[in-house]
2 protein chains.
Amino acid sequence: MSVQGRKERERADRERLILATARELAEQQGWEAVTTRRLAERIEYSQPVLYSHFRGKREIIGAVALQGAAEMATALRAAAATADEPRGRVAALAQAYLDFAARNPAVYDAMFQLDGGLAFAQADTPEPLKEGFAALLGSLSEVAGDGVDPGLFTEVFWAALHGLATLTRAGRLPSEHAERRTELLVDRWVQSGQEAKRS
Amino acid sequence: MSVQGRKERERADRERLILATARELAEQQGWEAVTTRRLAERIEYSQPVLYSHFRGKREIIGAVALQGAAEMATALRAAAATADEPRGRVAALAQAYLDFAARNPAVYDAMFQLDGGLAFAQADTPEPLKEGFAALLGSLSEVAGDGVDPGLFTEVFWAALHGLATLTRAGRLPSEHAERRTELLVDRWVQSGQEAKRS
DNA sequence: CTCGGTTGTCTAGCGGTGCTAGGATTTCTT
DNA sequence: AAGAAATCCTAGCACCGCTAGACAACCGAG
């Protein structure tokens, strides 16, 4: 019965290969260059094998997005752990978020810009996405202030980060003062008592 | 020599027809439904006619985006004029921005989501876009606070609005508490500016 | 070790896309 | 009224996502 096990393993390997190749190609030349033909050629199989793993291109994008969401959640958790006071945590989170978006533009697009068929803000939201949001929520609740819904507070902060990420990468904002913008955002967002400003 | 004048007029009319049709079709069924064939059929001409007006689909999207930018700039200016104190102006601007995005999703996409070949934050940025930004800048400078670059301050605020607009429309944020989010954003953005201000 | 059957893969093709060359037709000029 | 010029359309290219059906490789049974 181990022959079946081997086949399953090979299948899983190939699926990983497809996703890794799609991601690599997207990061190198953009998602519009990720066509089923090119993708098939790179993995050295014919097009139809792609459809034996995924329902279609959408689902491939969705799978890459899911990978990315998991990585981003990890990065955010790690960032939050580096600082020991609330403001520093928020700053670290913001930086980590924008870094991830800048370093993995195609994956970020798959997550938030393209239609990967992922559900959001609903019952069937994928776990990695919920985790990423939870990482933000944990540190932002601390600085929300009284009478402010932490959930909404986090959502708006996230929206600001998302806006900065997309507008910067689309060339809508000059990438020149990206750090000062992040700082400005965090300053406004954590404006409660502590006036501890890092240079 | 008035025959030439008439021809030019007819040509301009047809160009407007193309843009209006493209916009209408995009708002009705999304930009992916705006194909050159369908567009040509709707204006009752053949495809190549489109290419005698625009270099390609990109340029059509760009032209719609430009129209939209002008409308948005007008809407923002009007909104800023409705309130007589700084905080109200910022709130009105935010509301007007998000309203525009919600009511003209396809146009908003053309402006910021799709590639319409428009330049941004550069020397050759189209005038309407600069005007829109200027409308924001005028009211936000008032609440930026000391030692805060008004330009950067406005950019980050804009990014937050953009994030809210896109995430809400993509279903990433439940459209339920949209107004509370806007309120929350404006609160955070204006508040400390007022108190710390000492001119 | 051979042989049927299953499983896996590929070739070929469908309808769609953006875009364009070249011929046909209309329109203006003389 | 006829030649010239502008205008427009038919037809087709290369590519897209996706799929049916032929073909080859592999497996387990005898």
Side-chain angles (χ1 to χ4, degrees), chain A residues 1-19 21-23 25-26 28-65 106 109-110 113-117, chain B residues 1-19 21-23 25-26 28-65 106 109-110 113-117:
Chain A
M1 281 309 250
S2 124
V3 46
Q4 194 173 0
R6 193 203 67 212
K7 288 210 174 182
E8 281 173 14
R9 219 175 332 126
E10 284 174 357
R11 235 189 111 72
D13 280 350
R14 195 172 60 179
E15 189 156 319
R16 271 190 292 274
L17 174 63
I18 292 174
L19 290 181
T21 307
R23 180 170 175 171
L25 191 51
Q28 282 173 356
Q29 312 183 30
W31 276 107
E32 74 281 356
V34 182
T35 71
T36 55
R37 284 170 187 21
R38 256 194 285 265
L39 190 49
E41 193 190 11
R42 288 228 180 177
I43 65 169
E44 295 182 316
Y45 282 96
S46 66
Q47 288 172 278
V49 287
L50 298 176
Y51 293 86
S52 76
H53 288 270
F54 303 96
R55 237 176 252 257
K57 195 183 172 181
R58 260 174 69 115
E59 214 168 72
I60 295 178
I61 295 174
V64 171
D109 279 349
Q113 212 84 319
L114 305 176
D115 179 16
Chain B
M1 278 319 223
S2 118
V3 46
Q4 194 172 0
R6 193 202 67 212
K7 289 208 173 182
E8 283 173 11
R9 219 176 330 125
E10 286 173 355
R11 233 189 112 72
D13 281 349
R14 195 170 60 180
E15 189 156 320
R16 271 189 292 275
L17 174 63
I18 292 173
L19 290 181
T21 307
R23 180 170 175 171
L25 191 51
Q28 282 173 355
Q29 313 184 29
W31 276 107
E32 74 280 357
V34 182
T35 71
T36 56
R37 281 170 175 72
R38 255 194 285 265
L39 190 49
E41 192 189 10
R42 288 228 180 176
I43 65 169
E44 296 182 317
Y45 281 96
S46 66
Q47 289 173 276
V49 174
L50 299 175
Y51 293 85
S52 76
H53 289 270
F54 304 95
R55 236 182 262 269
K57 195 183 174 181
R58 259 173 69 115
E59 215 168 72
I60 296 179
I61 295 174
V64 171
D109 279 349
Q113 213 81 316
L114 305 175
D115 179 15

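Chain letters run A, B, ... following the sequence lines, proteins first, then strands; residues in each count from 1.
- In terms of heavy atoms, A:Ala106 sits closest to A:Trp31 at O-NE1, 2.8 Å.
- Every side-chain contact (heavy atoms from CB on, under 4.5 Å) that B:Ile43 has, sequence neighbours left out, goes to B:Leu17, B:Ile18, B:Thr21, B:Tyr45, B:Leu50.
- Following rounding to the nearest Å, B:Glu41 (CD) and C:dG16 (P) show an atom-to-atom distance of 12 Å.
- Residues meeting the side-chain contact (heavy atoms from CB on, under 4.5 Å) test with B:Ala12, sequence neighbours left out: B:Arg16.
- Under the salt bridge (Lys or Arg N to Asp or Glu O under 4.0 Å) criterion, no residue pair touches residues 38-53 of chain B, with sequence neighbours excluded.
- Between A:Ala110 and A:Ala65, the closest heavy-atom pair is O-CB, 3.5 Å.
- Against DNA chain C, the stretch residues 31-39 of chain B makes heavy-atom approaches under 4.0 Å through B:Val34, B:Thr35, B:Thr36, B:Arg37, B:Arg38.
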Identify all pairs in which a protein N or O lies below 3.5 Å from an N or O of nucleotides 7-11 of chain C, and state each distance.
from: C:dT9; atom 1: OP1; to: A:Arg14; atom 2: NH1; distance (Å): 2.9
from: C:dT9; atom 1: OP2; to: A:Arg14; atom 2: NH1; distance (Å): 3.1
from: C:dT9; atom 1: OP2; to: A:Arg14; atom 2: NH2; distance (Å): 3.0
from: C:dC10; atom 1: OP2; to: A:Ser46; atom 2: N; distance (Å): 3.0
from: C:dC10; atom 1: OP2; to: A:Ser46; atom 2: OG; distance (Å): 2.8

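- One atom, CG of B:Leu25, and another, P of C:dT17, lie 11 Å apart when rounded to the nearest Å.
- A:Ile60 has its CD1 atom 9 Å from the P atom of D:dG17, to the nearest Å.
- Residues that satisfy the side-chain contact (heavy atoms from CB on, under 4.5 Å) test with A:Gln47, not counting sequence neighbours, are A:Thr36, A:Arg37, A:Ala40.
- Separating the CD atom of B:Glu59 from the C1' atom of C:dG18 is a distance of 14 Å, rounded to the nearest angstrom.
- Residue B:Tyr51 contributes atom OH, which lies 11 Å from atom P of C:dT17 at whole-angstrom precision.
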Please tabulate, for side-chain N and O atoms in residues 51-58 of chain A, each donor-acceptor pair with protein atoms closer than 3.5 Å (sequence neighbours left out).
from: A:Ser52; atom 1: OG; to: A:Val49; atom 2: O; distance (Å): 2.7
from: A:His53; atom 1: ND1; to: A:Glu15; atom 2: OE1; distance (Å): 3.0
from: A:His53; atom 1: NE2; to: A:Arg14; atom 2: NE; distance (Å): 3.0
from: A:His53; atom 1: NE2; to: A:Arg14; atom 2: NH2; distance (Å): 3.1
from: A:Arg55; atom 1: NE; to: A:Glu59; atom 2: OE2; distance (Å): 3.3
from: A:Lys57; atom 1: NZ; to: A:Val34; atom 2: O; distance (Å): 2.9
from: A:Arg58; atom 1: NH1; to: A:Asp115; atom 2: OD2; distance (Å): 2.5

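- Between B:Ala22 and B:Ile60, the shortest heavy-atom distance links the atoms CB-CG2, 4.0 Å.
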